[in-house]
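Reminder, nothing fancy here: chain letters follow the sequence lines and each chain counts from 1.
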Amino acid sequence: MDAAEYDLPFFHRAGFHRRSCVVCHSAFWALGDHDRCQEAPCREYGFIGHPIFARPYSLDAMRELYLGFFERRGHARIRRYPTVARWRNDVFFVQASVYDFQPWVTSGAIPPPANPLTISQPCLRFNDIDEVGRSGRHFTLFEMLAHHAFNRPGHEIYFKDRCTELCHELLTQDLGLDPLTVTYKEEVWEGGGNLGPSLSVGAAGLELATLVFMEYTRDGDALKPMPLTVVDTGYGLERFTWASQGTRSAYEAVFGETFEEMRRTFPPTETAILLDHARALNFMLTDGIVPSNSKGGYFARLLLRRALRILEKTPESPELIAILDRSSRELARTFPEIGENREDLHRVVRAEIDRFHEAVERARQTIRRYDEKVRATGGRVTVEDLLTWYDSLGVPPDLAVEELQHRPAIPADFYKQVAARHEGEKPTTDYVEVTEGLPEVPAGVPATEALYFLDPYTVAFDAHVAWAKGRYVALDRTYFYPTGGGQATDRGNLGDLEVTDVERTGPIILHHLERDAPWQVGDRVHGRIDAARRTQLMQHHTATHLLNGALREQLGPHVWQAGAYKGTESARIDVTHYRALTKEELHKVERRVNQIVREDRPVKSYFESRGEAERRFGFTLYQGGAVPGRELRVVEIEGFDVEACGGTHCTHTSEVGAIAILDEERIQDGVVRLTFASGERALDLREEHEEILREAARRLGVPVAKLPEGIDKLLEEIEESRRASRGRRREDLGATAAKLLSEASQRVGAVTIVVASTDLDRHGLMELSRLLTKEPNHVAVLASERDGRGTLFVGSTSARVAASALVEAARPSFEGKGGGNPAAATAVGEPGAALAAALNAAAKEARRAAKR
RNA sequence: GGGCACGUAGAUCAGCGGAAGAUCGCUGCUUUCGCAAAGCAGAGGUCGGGGGUUCAAAUCCCCCCGUGUCCA
């Protein structure tokens, strides 16, 4: 990056000098006379015991000071976004404040909620989870303080110069940091295809903030200026608080009194881990994470189990729920939504604790059994076993070893070995570019006026062609609903041409026609939408909201929509929940939604400012994913459910007609899928199902109400006849066996030998042999011919006569392949004379062996 | 999303190429005034599903499904 990028007028105005760090060789700007940048590792911590700000601040006070500072300088204070980044499919959690605005705001597709703005955004990062408690400064959840500005051409808010000036003013004036101690190190930031210069702000060994200026797009080796430049700053709230107090570790400063109290029961590292994890869990669970074994839910499980293990090994530990409660009460002072649903959160955590104990118990048993078995065979449990157990049972080696008699030494690099086992696994992303294949619409084509937002019932309209290319047409206004929000697209006609698909690209809605559009820009066209299809889609969409509302009502607010699809035949909704639904729960939900349908409640769809909507309804608005923008489209089912949603909806619940839940499945740990139908489709399906029932009842010759009993009776009859035929077969074989024993047996020494040819199948031979050799010292030598192949079967209860040896002796006679053990053996080969010869050979060998 | 482990009688599991097992539970009988207990006898299995290899598959291979777990 060009040095001129960092040569800010502010630095010159304020008297900064540019220098080079003798350690890391980076260039930096400073007022003081430094030979190195003031950040670790170039400089050691200098603030512990010597706070660098004018006075100590608590976490809350520091946050307030920061946000207030920027508010007074023209920034709008924005409420935090959920820590669960539902609006992105490349990450699970918000890891920096700018995540709130990616990709839509930063790409310019949607205006920011305010400009400029300031925010304290809770962020989750798990890559340094092992450092938490140990390093003195790592957290899994931290708050990133930030001020952001989004500059459009001709409408610049502020950029590098003003940004840096604001930062410096905050530090040196409001916080009282000695201006001579701070350094601004030149760095380059790059991410998501964008890059720009950045400044790392350091003092007393601590990196306090990073000021990032996104201004270029990487195009191969060349840099292209971005149309929208972004001021992306990040200040560590915890670090600021720590620096202001100068405590030994950041945890003391951040957790204050609670830390001191917990220290009476736990060592400092464990105390920090517990408090950090409790804080992170409160945010995650409040924001709708349900612990599970994959994706985002795994991290909640990870934190929970780490905390539980600490509690388990510490005598007189408090309950995990008590620790979470205490943390949530503190957080609620700033984030009132945390702890609002305390009881539900307890249910989720309780379910997870139970699972943990079950898993531990299962693992214990498995390990103990394995240990016994290994010891019985004179072996020992190996490190390899410990690795497998960690991977497959979730047992850390120190716990596993407790169950063992002979304990292998746990290698110091155990977790490195675990990681090595996982090398070569390649995570695949199923990221699908939505606008893939769509033609690029030239700039200057006006945004399409989306009329379906205002009136979902109009299905015929006139509009003017705004742009056309091949089969794609954009209009100045349209009632066609484009694919989005899990709702299938509208179909219909433009003029005489069929519309097969409708998609949105930025602010433009493209109609995909069956063939090339014959129109010119400005032509007037008539649009007609397939009304039946639209109605069905609307019913399914409103039904989805109804179900979501009912599920949250019946199961608790931990239920969040995790996905949905509304087709014409049926629709489905995926929600987070910690176990499969019971039949009763399903019934209750179905009854409840149909009740709301009958109550004919108004469904209002309207645009409202984001701040106002959030204030009135909270973050649960974002069931279908967070929707950035100043204005939100709110779909409100009166007194029941409110969601930010761009879909087409009925205006009264009665229009949904009826809702029938068709299927329930647990699609993964922590996510339940309901498949359902509404409106005509629900009635059709119910009729179909009834018809199937009637037909089944007719065939069984019972009334519908007696169907289950009828089926039971039928099954019993089948079982009975199966038993009878098995019994007959056994009798037949028994008779055959008795006859053979009395008429065709031969006694050689102490051994009774039966030789016989039969027409039995493999199983029959086996069973007959069994019957013939019930007594000790019996040998059965049997042959049978089937499908042009000969089978020889030998069973023996004589220690002298080994069945396998007999078969071995007979095999050459009929080119037989086979083998067995001393008790039973079989071979298959040529039929006819060869088989007879084999039978003779086996019989001869049997007599020879018996005589010995 | 990927790796690993697991899926066998109602329950918990063993068996890991040669004739489906153990323990508990269940049924009946013996014993008892009755119960518990004990003894004896018995019922109960498409060895998760589907392909393949083999003379032979619960067992080996492949693909699904389900459960658990580790990781991103």
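If you check every strand for non-hydrogen atoms under 4.0 Å, A/Ser804 touches nothing. Using a 4.0 Å heavy-atom cutoff across all strands shown, A/Leu387 reaches no nucleic acid atom at all. Here A/Arg301 lies in heavy-atom contact (under 4.0 Å) with sugar-phosphate atoms only. Across all strands, A/Lys295 comes closer than 4.0 Å to base atoms (heavy-atom distances).
Regarding A/Leu393, its CG atom lies at a distance of 13 Å from the C1' atom of B/rU67, rounded to whole Å. Rounded to whole Å, the distance from CG on A/Leu399 to C1' on B/rC70 is 16 Å. If you take OH of A/Tyr390 and P of B/rG3, they are 18 Å apart, rounded to a whole angstrom. Taking atom CD of residue A/Glu808 and atom P of nucleotide B/rC55, one finds them 15 Å apart after rounding to whole Å. Across the protein-nucleic acid pair, A/Arg362 atom CZ and B/rG7 atom C1' stand 12 Å apart, rounded to whole Å. Remark: P of B/rG68 and CD of A/Glu361 are 17 Å apart, rounded to the nearest angstrom. As a whole-Å value, the separation of A/Asn293 CG from B/rA72 P is 14 Å. What separates CZ of A/Arg421 from P of B/rU69 is a distance of 18 Å, to the nearest Å.
Nucleotide B/rC35 is matched to nothing when pairs are restricted to Watson-Crick or G-U wobble geometry with both distances under 3.5 angstrom. In this structure, B/rU53 forms no base pair with any nucleotide, since neither Watson-Crick nor G-U wobble geometry is met with both distances under 3.5 Å. In this structure, B/rA20 makes no Watson-Crick or G-U wobble pair, since no nucleotide meets both defining distances under 3.5 angstrom. Checking B/rG66 for Watson-Crick or G-U wobble geometry (two distances, each under 3.5 Å) identifies B/rC6 as its partner. Base pairing annotation: B/rC26 forms a Watson-Crick or G-U wobble pair with B/rG42, both donor-acceptor distances under 3.5 Å.
By the 4.5 Å heavy-atom criterion applied to side chains, A/Val672 and A/Glu664 are counted as neighbours. Annotation: side chain of A/Thr736 is not in contact with side chain of A/Thr758 (no heavy-atom distance under 4.5 Å). Counting heavy atoms from C-beta on, the side chains of A/Leu586 and A/Leu674 come closer than 4.5 Å. Counting heavy atoms from C-beta outward, A/Thr773 and A/Ser796 have side chains that stay 4.5 Å or more apart. Side-chain atoms of A/Tyr578 and A/Glu352, non-hydrogen and from C-beta on, never get closer than 4.5 Å to each other. Residues A/Leu387 and A/Phe414 are in side-chain contact: their nearest non-hydrogen atoms beyond the backbone lie under 4.5 Å apart.
Using modelled atom types, one side-chain atom of A/Asn282 and one backbone atom of A/Leu324 make a donor-acceptor pair closer than 3.5 Å. Formation of a donor-acceptor pair under 3.5 Å by the A/Arg407 side chain with backbone atoms of A/Glu402 is found in this model.
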Could you write out each protein N or O paired with an N or O of nucleotides 48-54 of chain B at a distance under 3.5 Å?
none

All N/O contacts under 3.5 Å from nucleotides 59-66 of chain B to the protein, with atom names and distances to one decimal?
none

Under 3.5 Å between N/O atoms: give me all the protein pairs with nucleotides 17-20 of chain B, atom names plus distance.
residue, atom, partner, partner atom, Å
B/rG18, O2', A/Asn821, ND2, 2.9
B/rG18, N1, A/Gly819, N, 3.4
B/rA19, OP2, A/Asn821, ND2, 2.9
B/rA19, O2', A/Arg770, NH1, 3.4
B/rA19, O2', A/Arg770, NH2, 3.4
B/rA19, N6, A/Ala823, O, 3.3
B/rA19, N1, A/Ser769, OG, 3.1

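Nucleotides B/rA58 and B/rG50 have their P atoms positioned 12 Å apart, rounded to a whole Å. B/rU31 and B/rA36 are spaced 13 Å apart, taking the C1' atom of each and rounding to whole Å. The separation of B/rG10 from B/rA43, taken at their P atoms, amounts to 15 Å, rounded to a whole angstrom. Spacing of P atoms, B/rG25 relative to B/rC40, comes out at 15 Å, to the nearest Å. Annotation: B/rG2 and B/rA56 have their P atoms spaced 35 Å apart (nearest Å). Taking the C1' atom of each, B/rA11 and B/rG45 are spaced 15 Å apart, rounded to whole Å. Taking the C1' atom of each, B/rG48 and B/rC26 are spaced 24 Å apart, rounded to whole Å. A gap of 15 Å separates the C1' atoms of B/rC16 and B/rA5, to the nearest Å.
The aromatic rings of A/Phe101 and A/Tyr81 sit perpendicular, their planes meeting at an angle over 60°, well past the 30° parallel limit.
Judged purely by distance below 3.5 Å, without hydrogens or angles, the side chains of A/Ser784 and A/Arg762 never pair a donor atom with an acceptor atom.
With a 6.0 Å cutoff to the six-membered ring centre and a 45° limit on the axis angle, A/Arg86 does not count as a cation-pi contact of A/Tyr622.
Counted within 6.0 Å of CG on A/Asp787, heavy atoms from surrounding residues, nucleotides or ligands total 12 or fewer; the atom is thus considered open. For A/Arg88, the CZ atom sits in a packed shell: over 12 heavy atoms of surrounding residues, nucleotides or ligands are nearer than 6.0 Å.
Heavy-atom nearest nucleotides on RNA chain B were determined for A/Thr366 and for A/Asp391, and the one closer to the 5' end corresponds to A/Thr366.
Here the side chain of A/Lys373 is nearest to one of B/rG15, B/rG68, B/rA72, namely B/rG15. Checking B/rG68, B/rC4, B/rC13 against every side-chain atom of A/Arg355, the shortest atom distance belongs to B/rG68. Picking from B/rG68, B/rC70, B/rG1 the nucleotide with the shortest atom distance to the side chain of A/Val418 gives B/rC70. Nearest nucleotide to the A/Arg309 side chain, out of B/rG1, B/rG15, B/rC70: B/rC70.
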- Item | Check against salt bridge (charged side-chain N to carboxylate O under 4.0 Å, His left out), A/Glu270 and A/Arg309 | CA-CA 10 Å; A/Glu270 272 76 3; A/Arg309 288 205 185 98; over 6 Å; no
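An OP1 or OP2 oxygen of B/rU12 is reached within less than 4.0 angstrom by no side-chain nitrogen or oxygen of A/Gln365.
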